[in-house]
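In what follows, a single structure is set out as structure tokens and then discussed.
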Amino acid sequence: MAREFSRTRRIAQQLQQELAQVLQRDMKDPRIGMVTVNDVDVSRDLNYAKVYVTFFDEDEKRVQDKLAALEAAAGYVRSLIAGRMKLRVMPELRFIYDTSLVEGMRMSNLVSKVISNDEAKQQKHTNTDVDEGEE
């Protein structure tokens, strides 16, 4: 019977919390700016961790620059986290830009736009019916 939470999932959750703290408090690189750690996937052998991040910036060039800065600082971040977590093997960090938040916001804006257009059409139709009824 499988456990409810596997060891790799528990480590991924702890790693996500530690990464968020390190990136907010200990990183002084101005190129990175505000970064959000959305998820962490740890390999079964704990050698690699995919870190899914988002930035409060939608410009593709800036996003790539920030990812490059994170990749350059990956060794430093890894050493800081290794001191906080008691693991025999500290996973190698690979940062990946997570587009799901940006796509979700874009979809939400599209839905809001369609709803407002629909309400405007409904209001126009209602006003036209009232005008015809008065004549």
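A quick note: this is a predicted structure, and the numbers were derived from the prediction, not measured.
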Applying side-chain contact (heavy atoms from CB on, under 4.5 Å) to N38 and V53, what does each step give before you reach the verdict? CA-CA 6 Å; N38 292 346; V53 295; over 6 Å; no

Checking S43 side chain against Y48 main chain: does a donor-acceptor pair fall under 3.5 Å? yes

Taking S112 for the side chain and S108 for the main chain, is one N or O donor matched with an acceptor at less than 3.5 Å? yes

What are the two closest heavy atoms between [X] and [Y], and how far apart are they?
{"X": "V63", "Y": "F55", "answer": "O-CE1, 4.1 Å"}
{"X": "R9", "Y": "V40", "answer": "NH1-O, 3.3 Å"}
{"X": "G83", "Y": "K86", "answer": "O-NZ, 3.7 Å"}
{"X": "Y97", "Y": "L67", "answer": "CB-CD1, 3.6 Å"}
{"X": "A69", "Y": "D29", "answer": "CB-OD2, 4.0 Å"}

side-chain contact (heavy atoms from CB on, under 4.5 Å) between M85 and E18, worked out: CA-CA 8 Å; M85 293 179 67; E18 296 295 338; 4.0 Å; yes

Under the side-chain contact (heavy atoms from CB on, under 4.5 Å) rule, what do V77 and L93 come out as? Steps first, then yes or no, please. CA-CA 9 Å; V77 172; L93 304 175; 3.8 Å; yes

Working to the nearest 0.5 angstrom, can you tell me the gap between [X] [atom1] and [Y] [atom2]?
{"X": "L70", "Y": "L23", "atom1": "CG", "atom2": "CG", "answer": "6.0 Å"}
{"X": "E103", "Y": "D98", "atom1": "CD", "atom2": "CG", "answer": "10.5 Å"}
{"X": "E92", "Y": "L46", "atom1": "CD", "atom2": "CG", "answer": "13.5 Å"}
{"X": "L19", "Y": "Q14", "atom1": "CG", "atom2": "CD", "answer": "10.5 Å"}
{"X": "M90", "Y": "S79", "atom1": "CE", "atom2": "OG", "answer": "9.0 Å"}
{"X": "L15", "Y": "R10", "atom1": "CG", "atom2": "CZ", "answer": "14.0 Å"}

Side chains of [X] and [Y]: closer than 4.5 Å at any heavy-atom pair?
{"X": "M27", "Y": "V35", "value": "no"}
{"X": "D39", "Y": "Q16", "value": "yes"}
{"X": "I96", "Y": "K50", "value": "yes"}

Verify whether one side chain among Q17 and Q21 offers a donor that lies under 3.5 Å from an acceptor in the other. no

Could you walk me through whether R84 and D26 pass the salt bridge (charged side-chain N to carboxylate O under 4.0 Å, His left out) test, one step at a time? CA-CA 13 Å; R84 297 176 182 205; D26 300 333; 2.7 Å; yes

Hey, is [X] close enough to [Y] for a salt bridge, meaning N to O under 4.0 Å?
{"X": "D41", "Y": "R94", "value": "no"}
{"X": "E119", "Y": "K121", "value": "no"}
{"X": "R7", "Y": "D45", "value": "no"}

Pair Y52, F95 - check side-chain contact (heavy atoms from CB on, under 4.5 Å), show working. CA-CA 6 Å; Y52 295 94; F95 292 96; over 6 Å; no

Step by step, would you call D59 with K61 a salt bridge (charged side-chain N to carboxylate O under 4.0 Å, His left out)? CA-CA 6 Å; D59 182 28; K61 174 75 170 121; over 6 Å; no

